[in-house]
Protein chains: 2
Amino acid sequence: MAGIEDVAKLAGVSTATVSRALAGKDHVSERARQKVEAAAAELGYVASHSAYTLATGRNRNIGVIMPYVDRWFFATMLETMESTLIEHGYDLTLYNLSGGKMQRDKIFKDFLGRKRVDALLSVAVNPSADELDTLNRLQRPVLGIGGPIQGARSLAMNDFSAGKLATEHLISLGHRKIANLGGYTGSDLEFNQANFRTLGHLDALKEAGITQNPAWKMECDYTIPGAFFRTKQLLGDPRNAPTAVFCNSDEMAIGVIMAVKDLGLQVPQDVSVIGIDNHDLSEFFGLSTVNQRVREQAKTATMWLLEILDDADPDVRVNRHESVEWPVSLLVRSSTARPATEA
Amino acid sequence: MAGIEDVAKLAGVSTATVSRALAGKDHVSERARQKVEAAAAELGYVASHSAYTLATGRNRNIGVIMPYVDRWFFATMLETMESTLIEHGYDLTLYNLSGGKMQRDKIFKDFLGRKRVDALLSVAVNPSADELDTLNRLQRPVLGIGGPIQGARSLAMNDFSAGKLATEHLISLGHRKIANLGGYTGSDLEFNQANFRTLGHLDALKEAGITQNPAWKMECDYTIPGAFFRTKQLLGDPRNAPTAVFCNSDEMAIGVIMAVKDLGLQVPQDVSVIGIDNHDLSEFFGLSTVNQRVREQAKTATMWLLEILDDADPDVRVNRHESVEWPVSLLVRSSTARPATEA
DNA sequence: AATCTTTTATAAAGCGCTTACATAAATTTC
DNA sequence: GAAATTTATGTAAGCGCTTTATAAAAGATT
C-alpha cells in the first residue's frame, strides 16, 4: 500500500509538502498542490489514520455508549449520530452495554482508556461512581443525552415534565381514573431515566387533587408484549377500570392499544391512551404522545459535541456540568378524547 | 496522562519489559510482571491505541457496514456483533449507509481507505463495481452477511429457499390462493437481497402447478404500516381475496395480521399469514415464520471473521469467494392453518 | 544591483508504542 | 566449577505520519 513517501516521490516534492497539500493547509503553491493531488489519486493514497492520530493526538472518532441498540429509541439515535458524524469526517465507535456486567466493566476499564475516541456521547446510561471516575480520567469531553451525566454536559428532555404534560392532557380532557405503565426500579445500573416520567405523572395527579388507585400504577418492561399483558390485567375487571392510560413510552402505548382492541373495546371511546416519544409507528396507531424528536435531538447533541471539540480554547473542552433541557411538545392524535362517562 | 515510560520508571524496569509484561508475553519474570502490573494500575495506564496500531499494524477494530440501523434485523445484528467483538477485545466502528448517496460515497472513498479497521463485516449491502474495487484494494478480510459479496466470503441464508419453504408450508396446508408481499426492485444500490424470497415463492407455486393472480404479488416497503395498507387493498374485495399471505419479512406479516383483524376477519381462520425472520415480536403475534436466528447468525459470522484474522497463514486471510449457507427452519405457530374453504 | 520581505519547500524531530537484536543473569550440563 | 544453555532485561530502530525550525526561491523596496 502506498505511503506518504511514495506520493512525495511521484509528485517530486517532500513528504511535508504532501502532508500540507492534502490537509488543505497554507504555504503550498497551486502547482505543487495539483501535482500532489494527482499523485495521491494515482496511487489511491489515504493517510494512515493511526499515524495521523499519533502525530496529532486527534482521533476523529467519537465513542457512543448506550445500554441497548436493538430498541427503537437507541437505534434511531445511533443512526442519526452516525450520519452526522460521517458528514463531518468522524468515525463512530459503538460501545453497547447490553452484554452484561462483565462486558460493561470491560468497556469502562479496558476500552475507554485506550484513548481511541476524542469524545463520548453517552445515551441514557447511568454510570456508577467508579465508571464516572473512569470517564473523568479520560480528560475528554463527555456529553450525556437521554439523561444527565454527573459532572458532564448533557442535552436531555425533562422526563418529569414530559410525564406531567401527558397526564395533564388526560386530566384536561376530564379523565380522573388514569393508569400508568412505568418502569422497573431495580438496581442503580438498571435504573431507567424514563422512570422519572412516572414521577411527573404522579405530580400532575396530585395537583389536580386526584387520588390514584394503587393498582393503576403498574411496572412494565417498556415493550409491546409487556404492556399488552399488563393491560389485559388492568382492564380485566370493568367495574374497576381506568378511563385512560399514560404510558412512559410509545411502545408500551402501542401494546395498550392492541390489548384494548383485543378486548373488544375502542380507543379512545372506551379508553384514552397517551405515550411519550413519538415513535416511528405512533402516527400509524393514531397515538397521542409527547414528541421528543429523537432524530433532531441526536443531531443537535452530536453537533454540539463537535463544536466543543473544534473549540480552540482548551478551557471550553474541559468538562463542566451544563445541562441543556431539550424542549418537547404535546402531539395530540386520535388516541385521546373525553371519557365516555362524562358525556 | 501516563505513558509507558512513566510505568517503566515506577516499576524500575525498561519500557520493553513493560510492554511485554502487559501484553502477557513470555520472557518476563514473575517478579517483574507484578511490579509492572502494580505500577500500571497505580497510574491508570492503558497503552495508547494509535501507537499500538502504528507499531504492530493491528487495529483490533472491525468495521461494520449496513444500509440501516433503525430496523430490527440490522439493530439486532449490530448489537450481537458488538457484544461478540468486545468480548474478544475488539472495537466496532459503524458505517451506516442510510445517509444517502453522498454519504455512501464518502464512506467508501474516504473512510474505508484509512486503514482503520482490520476487517469488514458487510451486512446486506450490495456494493457497486467501484465499491467492490475499494473493498478489494483494502487488502483486508471482508465477510458478507445477510447476502453475498462478490469476491469475498459470506455467511447468509438462502433467501430463495426460505421463500420457497414458507410457500410450500402454505401449499401443504391446502392453500392455492396465496398472495405475496415483497420488495421494491429499484436501482441496483437499493436492491434488497430479501427480494429473492419472492422468487422462491414463485418457484414453489410453479412446482405445485398454481397460477398466481398477478394482483396478489404486491410490492411493499418491508414496514408494518406499508403491509397494513397493502392488505386492506388486497382483502378489499372478498370475492377475489387470497386465503393466505406470504410476507418477505415478519414485520410485514405483523402488518398483515393487524389489517386482517381490523377488517373483522381472523387469523388463521380467514387468512393464513407467514413471514420470514423470527422477529422478536413474532412469538407475541403467534406468527408462523422461517426462523433465521439472527443473533446466532451474527455471532457465528463475527467469530468466523475473528478466526480468519487470527490465522497465522497470510494466505487464509486473503479473500476468497467462499459462501457458507446459513441453515433456516420452518417455525409453525398459530398464524397458519388449513384454508376454511377446504373444510 | 543589493537588501529586505514574503512565500514556498525541506530536513528532521517527535508522537508512544512494539520488537529484533544485544547483553546480562540464572540455570543446567558435563 | 567452567562451559553451554536457557531465560530475563535492556537498547534502539522502526511504524507513517505532522509540524517546527530552517533554508531556498521569489518579489518588493531602496
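Chain letters run A, B, ... following the sequence lines, proteins first, then strands; residues in each count from 1. Here the structure is a predicted model, which is why all the values come from computation and not from measurement.
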[X] side chain to [Y] side chain, donor-acceptor N/O pair below 3.5 angstrom:
{"X": "A:T17", "Y": "A:S14", "result": "yes"}
{"X": "B:S128", "Y": "B:D130", "result": "no"}
{"X": "A:Y90", "Y": "A:D118", "result": "no"}
{"X": "B:N61", "Y": "B:T93", "result": "yes"}

Could you tell me how far apart [X] ([atom1]) and [N] ([atom2]) are, to the nearest whole angstrom?
{"X": "A:N59", "N": "D:dT18", "atom1": "CG", "atom2": "P", "result": "14 Å"}
{"X": "B:R116", "N": "D:dC17", "atom1": "CZ", "atom2": "P", "result": "14 Å"}
{"X": "A:L54", "N": "D:dC15", "atom1": "CG", "atom2": "P", "result": "13 Å"}
{"X": "A:R60", "N": "D:dT18", "atom1": "CZ", "atom2": "P", "result": "12 Å"}
{"X": "A:H49", "N": "D:dC17", "atom1": "NE2", "atom2": "C1'", "result": "11 Å"}
{"X": "B:I4", "N": "C:dG16", "atom1": "CD1", "atom2": "P", "result": "12 Å"}
{"X": "B:K115", "N": "D:dC15", "atom1": "NZ", "atom2": "P", "result": "13 Å"}
{"X": "B:D6", "N": "C:dC15", "atom1": "CG", "atom2": "P", "result": "12 Å"}

* **Side-chain (A:R140) to main-chain (A:V117) donor-acceptor, under 3.5 angstrom** =>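 Yes, A:R140 side chain to A:V117 backbone: donor-acceptor pair under 3.5 Å.
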* Can you check whether B:V13's main-chain N or O pairs, donor with acceptor, with B:K35's side chain at less than 3.5 Å? ->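 Checked: no pair found.
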Under a 4.0 Å threshold between the charged nitrogen and the carboxylate oxygen, would [Y] count as salt-bridged to [X]?
{"X": "A:E79", "Y": "A:R295", "value": "no"}
{"X": "B:K106", "Y": "A:E87", "value": "no"}
{"X": "B:R114", "Y": "B:D110", "value": "no"}

Within the structure, does a side-chain N or O atom of [X] lie under 4.0 Å from either OP1 or OP2 of [N]?
{"X": "A:S19", "N": "D:dT18", "value": "yes"}
{"X": "A:T17", "N": "C:dT10", "value": "yes"}
{"X": "B:S14", "N": "D:dG10", "value": "yes"}
{"X": "A:Y45", "N": "D:dC17", "value": "yes"}

* Dot-bracket line, read 5' to 3' along DNA chain D, where crossing pairs take [ ] and | marks a partner on another strand, Watson-Crick or G-U under 3.5 Å -> ||||||||||||||||||||||||||||||
* Structure fact -> Sorted by number, residues from residues 21-33 of chain A placing a heavy atom under 4.0 Å from DNA chain C are A:H27, A:V28, A:S29, A:A32
* Minimum-distance nucleotide (side-chain atoms of B:A55 versus C:dC15, D:dT19, C:dG16) -> C:dG16
* State whether the distance check finds a donor on one side and an acceptor on the other, under 3.5 Å, for side chain A:R20 versus base C:dT8. =>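 No pair found.
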